[in-house]
Structures are given as structure tokens and as C-alpha cells.
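Since the structure comes first, as C-alpha cells, the remarks are kept for the end.
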Amino acid sequence: GNPTWSFYYRNLVLGLRDRYRVIVPDHIGCGLSDKPQTYDYTLATHITNVEKLLDHLSLRDVTLVVHDWGGAIGFGLATRHPECFRRFVLFNTAAFLGHRTPWRIRVCRTPLIGAWVVRGLNGFAGSATIMACANRSRMTPEVKRGYLLPYDSYANRIATHRFVMDIPIAKNAPSRAVIREIESKLSGLRDKPMVIFWGMKDFCFTPAFLQNWEKRFPDAKIHRYADAGHYVIEDAHERVMPTLAEFLENT
């Protein structure tokens, strides 16, 4: 997602690594990956990067776990290679066009001001540590340092800004056609098991997005957390883990 990185999944990794091979890549520009200053930071490129990883590691029988931008990236990959994927785990995400963009994100897209806020002040990653957790006690100083660790300079915040700029709001946005193609192929994955964990206090991926998933995947198992926000794993990982483990064991 953006501005999360593999640190976001640390509790899931610790809870699953004794039984499963867990792979948590950082997208280019995020986390501990390289942060090139001249690069095509677009949805199509991010999908291709993970596609290359899938091929490089010869991955099959994959359980895809997605959150935030991971939905579009992950399902972009899954619709290209459905034979490689066994089941899906979703946390507050989308792989289709939404109908609203929060004003907080629109500000970060404003010419000049957006770059100054996101890259100069670290306003996107920094504000996420406040707004994305419904349970503020979870965002301890130590955890906050973890989320912000990779984004410690103007140069290292390039992807957090480019991800925001790549949101396909305008009809002529480069990534809009990519999202449309993914959206058109989601029905081809309907026969695979899916579980959805949703933080109902998410200011960005609101319950309307969850309803869209329900319509597209009527057999999905859905677990709603009324007291969790966008960083649903941070807010509710103790409740998520047993249910997730049961889903993995039974499918």
C-alpha cells in the first residue's frame, strides 16, 4: 500500500511463519526497496514488478494478501495469472474504481502544494500514523518510528507522492484503463476462496468499497471490525489472526 511497507504485516508474519512460507515484498520506492528518482511509478509498473517476483521465485498455489494499493496491484497480477493463485485475503482495499476521493488525499495531489506536503513535510506518511489507526494507543512512538523509518528524506518520499498522483481520478489518467481491465476480469476469480477483514472506521476505503466486494464475490467470508480503521491489522491483529489461521487451514 501507500505509505505502508512490509512492517505493516509484521504481526501476521510472526503468527504464520511456523506453518507457511510468507513473502512480503516492498514496492519500488517503498519500505526497504530502492527509491529511484527517475522511474515510472505507475500501477502497471508495480504489477509488472510483482509479476517478475512471482516468476523469479517460481511461485504457485499462492495465497494473495492485499491492503490499500495492494488490491489493484495484487489483483492486477491475479487476473493475469489466475492459475498461480489459490485463495485471497483482503484488508480495506479496492481493485475497481471508486466514486469519491477524500479531501485529505486531494490536497496531496494539488500541484506544488502536494509535493511540499508529502515530500517536504512527510505529511502523507506522518498523518497516516494519526488518521489510519482508530485505536491511537496502538500507534506507540516505537511503532510510529517503524512506519516512518524508510521515509526520512525528501528523496526517499518520492513513491508516497507518486502513488497519490497515480490515483485514476480523471478519465484520462494513465492508470484508469489498467483498473478498468482488472475490474472486468475479477469475476474470473470468483471460484477461489476469499476472506475479507474490514476496518469500518476507514476514512478512505469506506464500507461502500466493502459492499462492492460483496457484490463481486458473494461467497466471500466477511469480518467487520467496528472499532478498526484503515490500518485494520494494526488495530485488530489479535482478532484477525485466529480467524485468518482457520481460513487458511480449512481451504
Distance-minimising heavy-atom pair for [X] and [Y]:
X	Y	answer
Ala134	Asp235	N-OD2, 2.9 Å
Ala159	Ile28	CB-O, 4.0 Å
Ala245	Arg19	CB-NH1, 3.8 Å
Phe209	Cys204	CE1-O, 3.5 Å
Cys84	Leu54	SG-CD2, 4.1 Å

Check your understanding: Does the side chain to side chain donor-acceptor pair (under 3.5 Å) test come out yes or no for Thr45 and Thr48, once each step is laid out?
Key -> CA-CA 5 Å; Thr45 301; Thr48 298; over 6 Å; no

Practice item. Evaluate the side chain to side chain donor-acceptor pair (under 3.5 Å) criterion for residues Thr251 and Arg87: first the C-alpha distance (whole Å), next the side-chain angles of each, then the deciding distance (0.1 Å), finally the verdict. Key: CA-CA 8 Å; Thr251 55; Arg87 55 200 171 187; 3.0 Å; yes

Revision key, fill the gap. Only residue of Phe88, Phe91, Tyr8 satisfying ring pair (Phe, Tyr, Trp, His ring centres under 6.0 Å) with His67 is Tyr8

Point to revise | Within 45° cone and under 6.0 Å: Arg157 NZ/CZ vs Tyr151 ring | key: no

Check your understanding: Are the side chain of Lys35 and the backbone N or O of Gly31 linked by a donor-acceptor pair below 3.5 Å?
Key ->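 Looks like yes, one N/O pair under 3.5 Å.
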
Practice item. Using atom types as modelled and distance alone, determine if a side-chain donor or acceptor of Tyr41 lies under 3.5 Å from a backbone N or O of Pro36. Key: yes

**Study point:** Test item: side-chain donor near acceptor, Asp166 and Ser175, under 3.5 Å
**Key:** yes

Check your understanding: Between the side chains of Asn2 and Thr160, does any donor sit under 3.5 Å from an acceptor?
Key ->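 There is no such pair (donor and acceptor under 3.5 Å, judged by atom type) between the side chains of Asn2 and Thr160.
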
Does this structure show an ion pair linking [X] with [Y], if we count only N-O contacts that are shorter than 4.0 Å?
X	Y	result
Arg138	Glu238	yes
Glu234	Arg10	yes
Arg224	Glu214	yes
Glu183	Arg216	yes
Asp227	Arg239	yes

Practice item. Kindly say whether the aromatic ring centers of His46 and Phe163 come within a distance under 6.0 Å. Key: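 Judged by ring-centre distance (under 6.0 Å), His46 and Phe163 do meet the cut-off.
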
Check your understanding: Would you say the ring centroid of Phe75 lies under 6.0 angstrom from that of Trp213?
Key -> yes

Practice item. Quickly, which of Asp202, Thr4, Asn92 forms a side-chain hydrogen bond (donor to acceptor under 3.5 Å, both in side chains) with His230? Name it, please. Key: Asp202

Review point. Side chain to side chain donor-acceptor pair (under 3.5 Å) between Ser6 and Asp26: does it pass, once the steps are laid out?
Key: CA-CA 6 Å; Ser6 51; Asp26 285 332; 3.1 Å; yes

Exercise for review: Could you grab the distance from atom OH of Tyr225 to atom CD1 of Ile233, nearest 0.5 Å is fine?
Suggested key: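 Spacing of OH (Tyr225) from CD1 (Ile233) equals 10.5 Å.
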
**Study point:** CZ-CG distance between Arg86 and Asp61, expressed to the nearest 0.5 angstrom
**Key:** 5.0 Å

Side-chain heavy atoms nearer than 4.5 Å, only ILVMFWY residues, links allowed to pass through others: does that put [X] and [Y] together?
X	Y	result
Val66	Leu189	yes
Phe7	Leu14	no
Phe85	Val65	no

**Study point:** Audit row: Asp68, Thr93, side chain to side chain donor-acceptor pair (under 3.5 Å) steps and yes/no
**Key:** CA-CA 4 Å; Asp68 195 82; Thr93 189; over 6 Å; no

